[in-house]
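One is the number of the first residue; the rest follow in order along the sequence. Any value given below was found using the heavy atoms of this structure, including those in side chains, with hydrogens, waters and symmetry copies removed.
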Amino acid sequence: MENQCQNGTETLLKVSTLNCIDLSNPDIHQSVSLLKQACLDCGFFYLINHGISQEFMDEVFGQSKSFFELPLNEKMKVLRNEKHRGYTPVLDELLDPDNQVHGDYKEGYYIGVEVPEDDPEAEKPFYGPNVWPEDGLLPGWRQTMEKFHHQALEVAKAVARIIALALGLEVDFFDKPEMLGKPIATLRLLHYGGQVSDPSKGLYGAGAHSDYGLITLLATDDVMGLQICKDKDAKPQIWEYVAPVKGAFIVNLGDMLERWSNCIFKSTLHRVLGNGQERYSIAYFVEPSHDCLVECLPTCKSENNPPKFPPIYCATYLSQRYKDTHAELSVYEKHQT
């Protein structure tokens, strides 16, 4: 198995070399070693042979494009709600307020775990029914997205098992009911409209940020745009592109895993720069259940290395992070009919 996935054609841009985890590799120790190295180095790696077919990935991207090509008034009919389900307009999200003049030059669509409105669980933040376009508008759209949501969760659970072993835990540590047994798993379709980013003017496709949860699976088209910064404290910060690899997920660690691992594994700063081309990507954010208490893992603390963060419930942490980065829904009231 190749340990690295690289784009050898890129000469003008600084492109990061990332480890590549093959989910079909029977040698779990090799996968654990590669993943551990990646998590200690930059918190990003490629994932190949993950079990989702290329034909189906192409279908998901095609359906995503069909939605974003709809007129704005149609997209605003499924505007995101207070549970973060539905459409997020261009500039809705502001990820790096210190360096951005306004929100991200991207639009998106959130799809979470489907929970019926009359289910007591629907009272919780991030749970509840999804918001869907009308069936007649985009035939088969909902079915495609629900199928992908389900398949991506199985991929995420497989990755979490390798992470558990890399942290010296039991292989099924993250499979517990309060963790990935009842997760807050969010599929987000993303479309960058072709604006050119200019960091010197505070203009970004997506501002610099680290993800909030456990792990993120990212599928992209073949347009370069994602950048990572391996050392967020460096002055100046050094940014490297992550090359798209056909059929692979780009996986990165979230802040919750950084807290869990007591900063042994780090969530990594990343951003998206637009280069004038349209770009589509699909992110799948995986977090534990609402009631999961995120506290330092027993294998990640010692007398000399006490816990760096207080325990916090997943729902509390996520709610605050979303509130900090999204526009108030009241700004869209004039669009509602």
Hydrogens and angles aside, do E258 and N262 bring a side-chain donor and acceptor to less than 3.5 Å of each other?
no

Without swapping roles, check the side chain of K301 against the backbone of P298 for a donor-acceptor pair under 3.5 Å.
no

Sub-4.5 Å side-chain heavy-atom contact between L218 and V251
no

Do L153 and V155 land in one hydrophobic cluster if side-chain heavy atoms of ILVMFWY residues count as linked below 4.5 Å?
yes

Should W260 and F174 be marked as a ring pair (Phe, Tyr, Trp, His ring centres under 6.0 Å) after you check the CA-CA gap, both sets of side-chain angles, and the distance that decides it?
CA-CA 11 Å; W260 249 323; F174 293 109; 5.4 Å; yes

State, with a plain yes or no, whether a side-chain heavy atom of F126 is found less than 4.5 Å away from one of E287.
no

Around atom NZ of K36, are there more than 12 heavy atoms from other residues, nucleotides or ligands closer than 6.0 Å?
no

Counting only heavy atoms not in K308, do more than 12 sit closer than 6.0 Å to its NZ atom?
yes

Decide yes or no on side-chain contact (heavy atoms from CB on, under 4.5 Å) for S16 and Q227, but give the supporting numbers first.
CA-CA 9 Å; S16 191; Q227 291 186 323; over 6 Å; no

Flag, side chain of D104 to backbone of G207, donor-acceptor distance under 3.5 Å:
yes

Are E278 and H191 linked by a side-chain donor-acceptor pair shorter than 3.5 Å?
yes

Hey, mind stepping through L226 and T220 against side-chain contact (heavy atoms from CB on, under 4.5 Å) and telling me if it holds?
CA-CA 9 Å; L226 174 66; T220 75; 5.7 Å; no

With Y212, which residues qualify under ring pair (Phe, Tyr, Trp, His ring centres under 6.0 Å), at least two apart?
Y322

Taking atom types as modelled and ignoring hydrogens, do the side chains of D231 and Q237 form a donor-acceptor contact shorter than 3.5 angstrom?
no

S289 versus D291, side-chain donor and acceptor atoms under 3.5 Å
no

Under 3.5 Å, is there a donor-acceptor pair linking the side chains of D22 and S24?
yes

Distance, nearest 0.5 Å, that separates OG of S210 from CG of L257
12.0 Å

Using ring pair (Phe, Tyr, Trp, His ring centres under 6.0 Å), reason through F249 and H50 one step at a time and then give a plain yes or no.
CA-CA 8 Å; F249 280 118; H50 42 68; 4.5 Å; yes

Okay, side chain of H270, backbone of H209: is any donor-acceptor separation there less than 3.5 Å?
yes

Check this for me, if you would: do R161 and D175 make a salt bridge, where the nitrogen-to-carboxylate-oxygen distance has to be below 4.0 angstrom?
yes

Quick check: does any side chain N or O of S31 sit under 3.5 Å from a backbone N or O of I21, one acting as donor and the other as acceptor?
no

Answer yes or no: are there more than 12 heavy-atom neighbours, outside H150 itself, under 6.0 Å from its atom NE2?
no

Is the number of heavy atoms from other residues, nucleotides or ligands under 6.0 Å of E178 CD greater than 12?
yes

Note, L190 side chain near I282 side chain (heavy atom, < 4.5 Å)
no

Ion pair present between E107 and K75, side-chain N to carboxylate O less than 4.0 angstrom?
yes

Is the distance from the ring center of Y313 to that of H290 below 6.0 Å?
no

Angle between ring planes, F68 versus Y280, binned at 30° and 60°: parallel, tilted or perpendicular?
tilted

Are there more than 12 heavy atoms of other residues, nucleotides or ligands under 6.0 Å from atom CG of L40?
yes

Does F67 form a ring pair (Phe, Tyr, Trp, His ring centres under 6.0 Å) with Y109? I'd like the steps, not just the answer.
CA-CA 9 Å; F67 173 78; Y109 200 99; 4.8 Å; yes

Are side-chain heavy atoms of F285 and D211 found at a separation under 4.5 Å?
yes

E134 side chain vs G136 backbone, donor-acceptor pair below 3.5 Å
no

Are E295 and R259 close enough for a salt bridge, meaning some N to O gap below 4.0 Å?
no

Heavy-atom check, side chain of L72 versus side chain of Y87, under 4.5 Å:
yes

F148 and F56 aromatic ring geometry - parallel, tilted or perpendicular at 30°/60° bounds:
tilted

For the residue pair R188 and Y110, confirm or rule out a side-chain donor-acceptor distance under 3.5 Å.
yes

Could you tell me whether a side-chain N or O of R271 sits under 3.5 Å from a main-chain N or O of D96, the two making a donor and an acceptor?
no

So, the side chain of N130 versus the backbone of W132: is there a donor-acceptor pair under 3.5 Å, distance only?
no

How about I215 and N252: do any of their side-chain heavy atoms sit closer than 4.5 Å?
no

Using atom types as modelled and distance alone, determine if a side-chain donor or acceptor of S66 lies under 3.5 Å from a backbone N or O of G62.
yes

